[in-house]
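Here's the structure we're looking at; comments come further down.
Fair warning: this is a prediction, and the values are worked out from it, not measured in the lab.
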Amino acid sequence: MRRELKYFLSILSIFSVSIYFLSILLKKYATFTFEHFWQNCKVVASNLFSSGAHYTGFILTIIILVITFGFFLKTLLSYVKTQRKLSSILESRIFSIPKKLKIILDRNDINQDLLIIVKDEKEYALTIDWFSPKIVVSSNLIDMLSRKQLEAVILHEYYHLKNKHPFLLITSEILSSSLLLLPVLRDLTRKLRTVLEQEADNYVSNQQKTERHLDLALAQITSRNRFKI
């Protein structure tokens, strides 16, 4: 079993077990805990206010619910913002494939339909989508890199694509974010991201029989996130 799959299954297992025990606790103690919390809020409020203490517990509860909903809404808006930004990038799609890139695709038996070229002055390559991933490459990156360096970048992203790494990573991020009180999930997700990049780098070096071209390509990229998913 590949290392990235082991990390993902570990995250999924810990999350599932945690949710199971939390559901048992909530089913048994949710009502009691809520009433106890409400009463404590009233006691605290009575020491702060001379009147209206019987409303304070309810108000504080509403505030907590609003804050919780706010975090959920923030996550949702972040997703929408990302999708809009991606849609904006894809509006500049170029359908003609440069000869240098076509040679790379033919040589490595990579289907042209898996690649999206966008006209952009920035240099980047990334893998998008959960179930039908595609590689997005900026035109400036293609022009800037030599053929061997560009091949290293394409192979790196192709490994992410064919192993469904976006799905593994995004799902792990969602699971670990859902249980912030379990730092182990966040640590495993960070390690998973590192493993995904290492495995993609190893794939490139195995295909090209050297790490030189990928290292030279990375040295020319200004983004500190490398060729991120």
So, taking the atom named [atom1] in [X] and the one named [atom2] in [Y], what distance separates them when rounded to the nearest 0.5 Å?
X	Y	atom1	atom2	answer
I154	I142	CD1	CD1	6.5 Å
L155	R107	CG	CZ	8.5 Å
L188	R193	CG	CZ	14.0 Å
L214	K148	CG	NZ	13.0 Å
K81	L86	NZ	CG	14.0 Å
L105	Y158	CG	OH	10.0 Å

Do F167 and I170 share a hydrophobic cluster, counting only Ile, Leu, Val, Met, Phe, Trp and Tyr and linking them when any side-chain heavy atoms are less than 4.5 Å apart?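 Hydrophobic grouping puts F167 with I170.
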Do M144 and L150 share a hydrophobic cluster (ILVMFWY, side-chain heavy atoms under 4.5 Å, transitive)?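 Yes: a chain of side-chain contacts under 4.5 Å links M144 to L150.
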Beyond-backbone contact of [X] with [Y], side-chain heavy atoms, under 4.5 angstrom:
X	Y	value
I135	V137	yes
P133	H160	no
S139	I94	yes

Evaluate the criterion side chain to side chain contact (heavy atoms under 4.5 Å, CB included) for residue pair D201 and E211; output intermediate values, then yes/no. CA-CA 8 Å; D201 288 349; E211 300 177 359; over 6 Å; no
Minimal non-hydrogen separation, I97 against K102, with atom names: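 Closest heavy-atom pair between I97 and K102: CG2-N, 3.8 Å.
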Closest contact, heavy atoms only, L141 versus A125: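 So the two residues come closest at CD2-CB, 3.8 Å.
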Side chains of E157 and T127, donor plus acceptor under 3.5 Å: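 Short answer, yes.
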Say whether H165 and E199, considering side chains only, have a donor N or O and an acceptor N or O under 3.5 Å apart.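 No.
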Do other residues, nucleotides or ligands put more than 12 heavy atoms under 6.0 Å from R93 CZ?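 Result for CZ/R93: enclosed.
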Please test T194 against Q198 for side chain to side chain contact (heavy atoms under 4.5 Å, CB included), starting from the C-alpha separation and ending with a verdict. CA-CA 6 Å; T194 300; Q198 289 176 345; 3.6 Å; yes
Assess whether salt bridge (Lys or Arg N to Asp or Glu O under 4.0 Å) is satisfied between K191 and D187, documenting all intermediate values. CA-CA 6 Å; K191 290 180 180 179; D187 291 339; over 6 Å; no
Listed once per pair and sorted, the ring-ring contact (aromatic ring centres under 6.0 Å, His included) pairs that draw on residues 189-220, sequence neighbours left out: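 Only Y159-Y203 qualify under ring-ring contact (aromatic ring centres under 6.0 Å, His included).
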Step by step, would you call E197 with H156 a side chain to side chain contact (heavy atoms under 4.5 Å, CB included)? CA-CA 8 Å; E197 293 300 323; H156 179 100; 3.0 Å; yes
Donor-acceptor pair, T171 side chain versus L168 backbone, under 3.5 Å?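 Looks like no, no N/O pair under 3.5 Å.
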Ignoring hydrogens and angles, write down the donor-acceptor pairs under 3.5 Å from the side chains of residues 109-121, residues two or more places apart or on other chains.
unit_1, atom_1, unit_2, atom_2, d
N111, OD1, D113, N, 2.9
D120, OD1, K122, N, 3.0
D120, OD2, Y124, OH, 2.9

Side chain to side chain contact (heavy atoms under 4.5 Å, CB included) for S132 and K134? Distances and angles first, verdict last. CA-CA 7 Å; S132 299; K134 297 285 191 299; 4.3 Å; yes
